[in-house]
Amino acid sequence: MGGAEKLLVESIPRFVEQGLTIDLLLLNGTDFPFLNELETKNCCKIHSLGKGSVYNPFLIFKIIPFLKKIDLVHVHLFPALYWVALAKLISFSKTKLLFTEHSTSNKRRDRWFYRTLDRFIYAKYDYIVTISTEVKLFVKRHLAAKSSKFRTINNGVDFENINKAIASNRGDFDCSIDDKIIIQVARFTKEKDPLTLIKSVPYLDFPVRLLLVGEGPEMPQAIDLVSSLEIEDKVSFLKSRSDVPNLLKMSDLAVLSSHHEGLSLSGIEAMASGTPLVASKVSGLTTLVYGAGVLFEQEDEIDLANQINKLLSDKNHYQQIVDSCLVRAKKYGIESMVNEHIQLYTEVCKSPN
């Protein structure tokens, strides 16, 4: 239910409309709302390598047969990054490979062994697509790689889907008329830092209902924190949802308290929904939000609460942020993203081996 998965759900049908034949290969085919949504669109063949661990190296051998009948493989996320490169290496496949780097940081970049291994693996790809200039700078520094191997293509969102979305019913979420609805759409991981947002709730000057959309390993800790702060009546855990545009239209503001991002689709969607975005001042979010939304100091719940209070207490300031966010979001349309990818696919397929 992450940004890369959402990107595929929204972009694959558009690639098919442009005349491409797409197959989707999943290391793990466990049912999730995004996968179910793509299945209902019936626009591509979906293959699953099982429902076990995505870190099982035997997946390399399951990938090899697919390389023999595909012109170009576009890989997203780790460990698919490793498994596909190794599958091509040991099978002597001539299939062209692309990889999209979605984040400015990851745990591997802090360890010399993985840094060396990454340089070997990334070298097996014909192009590295980065979702923002900031991501490109970080990964180039990590790999010490030449510039010609990289292509920046910004993530894009489906404005049509967002514009036609109807706001959800506040009553369905136990929200009173006076409640200000704050939403965060993010996985429950340390990198997304939902705890800072939860800690800010007692410092807010307004009656609020905090909606947390997503799942992940940090959810039990987040639930315990809500209980210890005695704010169960103000926080709702909605788990994974496929109606995020409707929830955003209902909300008064959106928050992203991440430690780092690549180019946040949920942040762009919030801004495009007319929902002002408050985000941590970190790599991948500062560039997106500065001059449009509101930034706060990383892991500082007091600063976050102050920024929210200021936004909700000043109608003119609030409307100014809404308008600025709408303008900023227009830079990130999915049609442009798809067209740039198709152009790159054409270049790669025509290039000599």
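Worth knowing before you read on, the calculation uses all heavy atoms, side chains too, and leaves out hydrogens, waters and symmetry mates. All values reported here derive from a predicted model rather than from experimental measurement.
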Validation row, ring centre Tyr332 to ring centre Phe159 under 6.0 Å:
no
Indicate the ring-plane relationship of Tyr125 and Tyr122, choosing parallel, tilted or perpendicular according to the 30° and 60° boundaries.
tilted
Does a side chain donor of either Tyr203 or Asp303 reach within less than 3.5 Å of an acceptor in the other side chain?
no
For Leu77, all residues meeting side chain to side chain contact (heavy atoms under 4.5 Å, CB included), sequence neighbours excluded
Ala4, Glu5, His102
Does CG in Asp71 sit with more than 12 non-hydrogen atoms of other residues, nucleotides or ligands closer than 6.0 Å?
no
Does some side-chain heavy atom of Asp252 sit less than 4.5 Å from a side-chain heavy atom of Tyr318?
yes
For the residue pair Arg151 / Thr130, report whether a side-chain donor-acceptor contact shorter than 3.5 Å exists.
no
Verify the neighbour count for atom CG of Asp224: are there more than 12 heavy atoms of other residues, nucleotides or ligands below 6.0 Å?
yes
Spacing of OG belonging to Ser103 relative to NE2 belonging to His260, to within rounding of 0.5 Å
4.5 Å
Between NZ of Lys96 and SG of Cys349, what distance do you get to the nearest 0.5 Å?
6.5 Å
Side-chain contact test, heavy atoms from C-beta onward, threshold under 4.5 Å: evaluate it for Gln184 versus Val213 and give yes or no.
no
More than 12 foreign heavy atoms under 6.0 Å from CD of Gln319: is that the case here?
yes
Give a yes-or-no answer on whether the side chains of Glu215 and Ser240 include a donor-acceptor pair shorter than 3.5 Å.
yes
Could you tell me if Glu269 and Ser273 have a donor-acceptor pair between their side chains, going purely by distance under 3.5 Å?
no
If only atom types and distance count, is the side chain of Ser93 paired as donor or acceptor with the main-chain N or O of Thr95 below 3.5 Å?
yes
For atom CD of Glu232, decide whether the heavy atoms of other residues, nucleotides or ligands shown that lie under 6.0 angstrom number more than 12.
yes
For Lys149, all residues meeting salt bridge (Lys or Arg N to Asp or Glu O under 4.0 Å), sequence neighbours excluded
none
Over 12 foreign heavy atoms within 6.0 Å of NZ, Lys62:
no
Quick one: list whatever passes side chain to side chain contact (heavy atoms under 4.5 Å, CB included) with Ser176, sequence neighbours left out.
Asp178, Asp179
Output, in order, the C-alpha distance, side-chain angles, deciding distance and verdict of side chain to side chain contact (heavy atoms under 4.5 Å, CB included) for His341 and Ile153.
CA-CA 7 Å; His341 274 100; Ile153 302 177; 3.6 Å; yes
Begin from the C-alpha positions of His76 and Phe99 and carry the test ring-ring contact (aromatic ring centres under 6.0 Å, His included) through to its verdict.
CA-CA 6 Å; His76 295 267; Phe99 176 71; 7.6 Å; no
Pairing of Lys281 and Glu297 as salt bridge, 4.0 angstrom limit
yes
Would you be so kind as to tabulate the donor-acceptor pairs closer than 3.5 Å made by side chains of residues 19-32, with sequence neighbours excluded?
residue: Asp23; atom: OD2; partner: His47; partner atom: NE2; Å: 2.9
residue: Asn28; atom: OD1; partner: Thr30; partner atom: N; Å: 2.8
residue: Asn28; atom: OD1; partner: Thr30; partner atom: OG1; Å: 2.5
residue: Asn28; atom: ND2; partner: Lys51; partner atom: O; Å: 3.3
residue: Asn28; atom: ND2; partner: Gly52; partner atom: O; Å: 2.8

Could you state whether Leu312 and Leu277 fall into the same hydrophobic cluster, counting links through intermediate Ile, Leu, Val, Met, Phe, Trp or Tyr residues with side-chain heavy atoms under 4.5 angstrom apart?
no
Side chain to side chain contact (heavy atoms under 4.5 Å, CB included) against Lys69, all qualifying residues, sequence neighbours excluded
Phe66
Which word best sums up how the rings of Tyr55 and Phe78 line up, parallel for under 30°, tilted for 30 to 60°, or perpendicular for over 60°?
tilted
Applying side chain to side chain contact (heavy atoms under 4.5 Å, CB included), name anything that partners Phe58, two or more places apart in sequence or on another chain.
Asn56, Phe61
